[in-house]
Amino acid sequence: MKFVMQIHKLEQQNRYWELQASLSQLQSEEENSNLIRPQKPLNPLTASKSHQELHKELRMTHKRLLKVHQEGKTELQRALEKRRWEQRVKASRDQEEAKRSRSPFHQELLKRQQRLEKFERDKGQQREGPEFLRVKERLRRTAVLDA
């Protein structure tokens with residue numbers, strides 16, 4: 001892990017020196033040209049010392065919290081947690097998209113399917129009663145119809 005960090009640091013240093021070299025070339029070109037270049041106005045928030053200190057404190061606090069949260073977990077566990085989280089987010093997005101993209105015909109089919117399932121459940125509950133009660137109900141209906 002330390003080796004990877006050292007490589008990363010070296011890469012950053014190389015990029016820094018390349019940028020410095022290109023900046024020095026640009027500055028020498030600008031000095032040669034007699035044009036006056038407008039300066040970018042300063043942002044009063046970022047220029048203030050109190051803002052810079054507050055921002056530095058926020059970054060340090062964030063780093064400390066990340067370290068405390070991730071202590072005791074291997075790199076593999078953190079990667080797996082991140083993958084699971086991404087999968088959950090993707091699944092919820094897909095579900096929302098599917099709900100939004102349903103046609104009116106598809107919605108009506110879903111409503112009909114729900115009504116049929118409810119009807120079958122109600123019918124199943126009616127048949128669960130004792131048989132003599134069902135026979136008695138039929139006899140009452142026929143007696144009322146005959147009269």
Side-chain angles (χ1 to χ4, degrees), residues 1-27 29-30 37-147:
M1 185 69 179
K2 289 183 181 181
F3 181 71
V4 173
M5 295 296 283
Q6 290 174 349
I7 291 175
H8 185 65
K9 263 188 181 178
L10 288 174
E11 289 175 353
Q12 286 180 338
Q13 288 175 350
N14 288 340
R15 284 190 218 125
Y16 174 78
W17 292 115
E18 288 172 2
L19 286 173
Q20 288 297 327
S22 63
L23 282 174
S24 64
Q25 288 176 354
L26 288 173
Q27 288 173 352
E29 289 174 5
E30 287 179 7
R37 304 240 182 237
Q39 290 185 348
K40 185 176 179 182
L42 293 176
N43 184 351
L45 289 177
T46 57
S48 71
K49 192 73 170 172
S50 62
H51 179 272
Q52 291 173 353
E53 290 172 0
L54 180 64
H55 186 64
K56 183 178 180 181
E57 185 179 339
L58 284 172
R59 283 186 305 177
M60 296 301 290
T61 305
H62 180 70
K63 284 181 183 178
R64 271 189 250 123
L65 287 176
L66 281 178
K67 285 183 180 180
V68 167
H69 179 68
Q70 293 179 351
E71 275 184 13
K73 294 182 182 178
T74 64
E75 194 171 332
L76 179 61
Q77 287 173 331
R78 280 183 253 134
L80 289 174
E81 284 178 2
K82 184 178 179 183
R83 176 183 270 182
R84 281 188 221 117
W85 181 78
E86 289 172 350
Q87 288 174 347
R88 281 186 295 222
V89 168
K90 185 180 179 192
S92 65
R93 281 188 203 145
D94 292 343
Q95 287 176 353
E96 290 174 10
E97 184 65 31
K99 285 181 183 177
R100 279 189 246 129
S101 65
R102 288 184 183 153
S103 66
F105 178 70
H106 189 262
Q107 291 173 353
E108 286 299 319
L109 286 176
L110 288 174
K111 287 179 186 176
R112 184 174 179 171
Q113 180 184 4
Q114 290 172 353
R115 279 183 285 175
L116 286 173
E117 288 173 355
K118 183 181 178 191
F119 177 74
E120 288 175 0
R121 273 186 271 132
D122 293 343
K123 194 174 182 181
Q125 288 175 354
Q126 288 176 355
R127 290 192 178 200
E128 288 177 2
E131 186 178 350
F132 72 91
L133 289 176
R134 285 182 287 166
V135 171
K136 189 176 179 182
E137 285 293 320
R138 283 191 211 138
L139 287 174
R140 282 187 196 161
R141 286 188 209 142
T142 56
V144 173
L145 291 176
D146 289 341

Show me, pair by pair, the donor-acceptor contacts under 3.5 angstrom made by side chains of residues 111-120, not counting sequence neighbours?
unit_1: Gln113; atom_1: NE2; unit_2: Glu117; atom_2: OE2; d: 3.4

Sequence neighbours excluded, the answer for side-chain contact (heavy atoms from CB on, under 4.5 Å) partners of Ser50 is Ser48
Sorted by chain and residue number, the side-chain contact (heavy atoms from CB on, under 4.5 Å) partners of Arg83 (sequence neighbours excluded) come out as Gln87
Result for side chain to side chain contact (heavy atoms under 4.5 Å, CB included) between Glu86 and one of Arg88, Lys82, Arg84 points to Lys82
Hits for side chain to side chain donor-acceptor pair (under 3.5 Å) against Gln12, two or more places apart or cross-chain, chain-then-number order -> His8
Across all chains, not counting sequence neighbours, the salt bridge (Lys or Arg N to Asp or Glu O under 4.0 Å) partners of Glu53 are none
CG of Leu54 to NE2 of His51, rounded to nearest 0.5 Å, is 7.0 Å
Applied to residues 16-25, the salt bridge (charged side-chain N to carboxylate O under 4.0 Å, His left out) test, sequence neighbours excluded, yields none
Residues passing the salt bridge (Lys or Arg N to Asp or Glu O under 4.0 Å) test with Glu57, sequence neighbours excluded, are none
Taken in chain and number order and not counting sequence neighbours, the residues that satisfy side chain to side chain donor-acceptor pair (under 3.5 Å) with Gln77 are none
Applying salt bridge (Lys or Arg N to Asp or Glu O under 4.0 Å) to Arg15 and not counting sequence neighbours gives Glu11
side-chain contact (heavy atoms from CB on, under 4.5 Å) filter on Ser103, not counting sequence neighbours, yields Phe105, His106
Residues passing the side-chain contact (heavy atoms from CB on, under 4.5 Å) test with Gln107, sequence neighbours excluded, are Arg102
Contacts of Gln20 meeting side chain to side chain donor-acceptor pair (under 3.5 Å) (sequence neighbours excluded), chain-then-number -> Tyr16
